[in-house]
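Reviewing the structure listed below.
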Amino acid sequence: MLQLQFIVENKEKTIRGLQKKHFQNAEQFVEKIIHLDQERRQLIAQSNDIKNKINSLSREIGELFKSGKKEEAEKLKQQSTEYKNKEAELDKILKDVEQELHNVLVLLPNLPHDSVPEGKSAEDNEVVFQYGEIPSLPDSALCHWDLAAKYDIIDFETGVKLTGAGFPVYKGKGAKLQRALINFFLDQATQNGYTEIEPPILVNEASGFGTGQLPDKDGQMYFVNEDKLYLIPTAEVPITNIYRDVILKEEELPIKNCGYTPCFRREAGSYGKDVRGLNRLHQFDKVEIVQIAHPEKSYEVLEEMREYVAGLLKKLELPFRTVKLCGGDMSFASALTYDMEVYSAAQKRWLEVSSVSNFETFQTNRLKCRFKDKKGKTQLAHSLNGSALALPRIVAALLENNQTEKGIKIPSVLVPYTGFEWID
RNA sequence: GGAGAGAUGGCAGAGUGGUCGAAUGCGGCGGUCUUGAAAACCGUUGUGCCUUAACAGGCACCGGGGGUUCGAAUCCCUCUCUCUCCGCCA
């Protein structure tokens with residue numbers, strides 16, 4: 001959530017930022033917020049004034065009772081009641097105004113960083129880095145869903161039977177490959193200074209709100225009605241919410257956490273060829289890295305995280321590119337996002353395998369995650385996260401790019417984890 | 001699922017209608033002492049909002065919401081959460 005004070009003090013900047021993100025009617029929204037805020041301040045001033053009067057009257061009445069002057073006290077009581085009625089009226093209006101203000105504020109996406117390119121959709125993203133040879137496979141090369149069937153390692157049909165589409169069953173070497181990747185990613189992260197967290201995979205509403213999934217993505221998360229809990233769409237939610245309502249010490253920053261969890265996404269409304277095989281699932285495994293950083297350091301941290309994720313892909317010997325997302329393609333909460341895309345040789349397309357973002361104060365404002373600076377002032381920290389990595393598309397790319405006549409070659413860094421070199 | 005207890009400042013823990021934003025202890029910060037540290041002693045120490053250029057002033061917050069009252073941390077209602085015991089159980 002954007003900070004009200006920032007919007008009021010930086011009206012033009014806010015409007016421009018929202019427009020860059022292709023947020024509709026940015027100007028009207030901002031005008032409305034500024035107007036509501038003015039109204040709010042006025043009401044607060046009036047209400048406080050009356051409360052002040054009531055408070056001093058109460059004190060006087062107390063004194064009068066003590067000294068036995070009951071009649072005078074009764075008089076003041078009446079006066080107090082009048083003030084109270086007036087205050088109740090004001091407070092009702094104030095409550096409505098604040099509610100309205102909150103409702104609007106919550107709809108606004110984060111503002112993009114100055115370096116974010118203009119643009120509407122994925123086509124306008126800026127490729128900032130590319131690595132590796134794009135393999136040329138023979139015409140007989142198979143897509144991963146066919147390879148999965150050929151080697152009997154992923155069973156999509158049984159997943160449909162057990163649960164539904166988008167819930168694959170991994171078998172044999174397929175299952176072991178999942179475990180290997182998870183362990184490899186966690187080991188890499190912890191070797192790079194991240195603390196491993198195993199969080200709950202169901203969270204309450206406050207957590208969903210804290211990282212920005214609610215109310216924006218309500219309907220995209222699975223919800224357990226009986227207990228009012230949400231299945232997490234990413235480990236970012238519980239791991240970042242650890243710092244909800246927390247005031248950190250400046251020297252504790254940056255905080256580096258990582259965690260593996262299954263992720264659950266309803267993906268309501270997305271169908272078609274993009275969802276074939278492992279490309280888009282309702283349940284998948286992911287290792288996430290999360291950092292809480294000092295505002296002055298957060299962009300250095302973002303670069304460090306980007307480098308880290310790139311390093312993982314290099315170790316897995318996958319060709320990839322890094323794109324800086326344009327304003328229109330960025331997520332709701334992000335100020336700057338890099339996507340890492342692995343080239344799938346059989347599908348002949350780039351698959352997003354990681355997304356690394358700086359949220360600046362957008363999440364921490366909701367979370368009330370702050371730190372005390374050297375002057376003893378509390379200020380909002382910055383939060384960042386990235387996938388490191390999401391498994392399904394990595395598996396898809398590994399299967400497709402590494403297919404040979406002999407079988408599928410496992411990258412050497414993974415062999416100690418899988419215990420086998422070939423899927424055959 | 002049944003029964004009970006509880007929710008107060010960073011933590012522990014007092015406070016059952018008026019000057020309580022809240023005793024006390026611990027912790028934190030500053031100082032005295034010390035070559036330095038520890039101990040001891042002294043002082044200080046919550047958050048948010050509104051007005052203000054600033055000094056300063058005001059308001060709110062004792063789990064959330066509502067009520068009683070001139071006045072609520074304290075009384076009433078309600079919700080949520082936590083703990084204990086029993087039951088069930090990986």
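Proteins get letters first, then strands, A, B, ... in listed order; numbering begins at 1 in each.
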Complementary nucleotide for U69(B) - Watson-Crick or wobble, under 3.5 Å | none
Donor-acceptor pair between Asp329(A) and Ser121(A) side chains, under 3.5 angstrom = no
Pairing partner (Watson-Crick or G-U wobble, both distances under 3.5 angstrom) of U74(B) | none
Base, sugar-phosphate, or nothing: which does Lys228(A) touch, judged by heavy atoms less than 4.0 Å apart?
-> nothing
Looking at the side chain of Asn48(A), which of C49(B), C59(B), G18(B) is the nearest nucleotide?
-> C59(B)
Should Arg59(A) be listed as having a side-chain N or O under 4.0 Å from OP1 or OP2 of G71(B)?
-> no
On the ring face of Phe223(A), is Lys228(A) found with NZ or CZ under 6.0 Å from the centre and within 45° of the axis?
-> no
Closest listed nucleotide, where the reference is the side chain of Asn52(A) and the choices are U51(B), G58(B), U69(B) = G58(B)
Which whole number of Å gives the distance between the C1' atom of G17(B) and that of U82(B)?
-> 28 Å
More 5' along RNA chain B: Ile61(A) or Lys53(A), using each one's nearest nucleotide?
-> Lys53(A)
Report the nucleotide, chosen from U47(B), C59(B), C70(B), that has the shortest atom-to-atom distance to any side-chain atom of Thr378(A).
-> U47(B)
Choose from G66(B), A60(B), U47(B) the nucleotide whose nearest atom is closest to any side-chain atom of Lys51(A).
-> A60(B)
Among G18(B), U69(B), C50(B), which nucleotide sits nearest the side chain of Lys84(A)?
-> U69(B)
Base paired to A60(B) (Watson-Crick or G-U; both N/O distances under 3.5 angstrom) = U47(B)
When you check the gap from the basic side-chain N to the acidic O, do Glu63(A) and Lys69(A) get nearer than 4.0 Å?
-> no
Which nucleotide, in any strand shown, forms a Watson-Crick or G-U wobble pair with G9(B), with both distances under 3.5 Å?
-> none
If you measure from the Lys or Arg side-chain nitrogens to the Asp or Glu carboxylate oxygens, is any gap between Glu250(A) and Lys372(A) under 4.0 Å?
-> no
Nucleotide paired to U84(B) in any strand shown, Watson-Crick or G-U, under 3.5 Å = A3(B)
Determine the contact category for Glu74(A): base if any of its heavy atoms lies under 4.0 Å from a base atom, sugar-phosphate if only primed atoms, P, OP1 or OP2 are that close, otherwise nothing.
-> nothing
Select base, sugar-phosphate, or nothing to describe what Asn55(A) touches, counting heavy atoms under 4.0 Å on all strands.
-> sugar-phosphate
Contact class for Ser80(A) (heavy atom, under 4.0 Å): base, sugar-phosphate, or nothing?
-> sugar-phosphate
Under 4.0 Å between a side-chain N/O of Lys372(A) and OP1 or OP2 of U47(B), yes or no?
-> yes
Provide, to the nearest angstrom, the distance between the CD atom belonging to Gln3(A) and the P atom belonging to G48(B).
-> 12 Å
Choose from G65(B), G18(B), G71(B) the nucleotide whose nearest atom is closest to any side-chain atom of Lys95(A).
-> G65(B)
Paired with C89(B): which nucleotide, if any, by Watson-Crick or G-U wobble criteria at under 3.5 Å for both distances?
-> none
Once you round it to whole Å, what is the distance between C1' of U47(B) and NZ of Lys368(A)?
-> 11 Å
Among C50(B), U47(B), C59(B), find the nucleotide with the atom closest to the side chain of Arg370(A).
-> U47(B)
For A22(B), which nucleotide in any strand shown is its Watson-Crick or wobble partner with both distances under 3.5 Å?
-> none
Within 45° cone and under 6.0 Å: Arg366(A) NZ/CZ vs Phe209(A) ring = yes
Check: Phe284(A) ring centroid to Phe264(A) ring centroid under 6.0 Å | no
Determine the Euclidean distance between corresponding P atoms of C20(B) and A60(B); express it in Å to zero decimal places.
-> 16 Å
Closest of G18(B), C50(B), G71(B) to the Phe65(A) side chain is G18(B)
Distance between C1' atoms of C50(B) and G63(B) (Å, rounded) | 26 Å
Between Asp49(A) and Gln78(A), whichever has its closest RNA chain B nucleotide further toward 5' is Asp49(A)
Of the nucleotides C70(B), C59(B), C49(B), which one has an atom closest to the side chain of Arg40(A)?
-> C49(B)
Partner nucleotide of A40(B) by Watson-Crick or wobble geometry (both distances under 3.5 Å) = U32(B)
Indicate, with a heavy-atom threshold strictly under 4.0 Å, whether Leu57(A) touches base, sugar-phosphate, or nothing.
-> nothing
Can you tell me how far P in U74(B) sits from the matching atom in G21(B), rounded to whole Å?
-> 13 Å
Rounded to whole Å, CD of Glu60(A) lies from P of U69(B) at a distance of 21 Å
Would you verify whether the NZ or CZ of Lys324(A) falls within 45 degrees of the ring axis of Tyr338(A) while also being under 6.0 Å from that six-membered ring's centre?
-> no
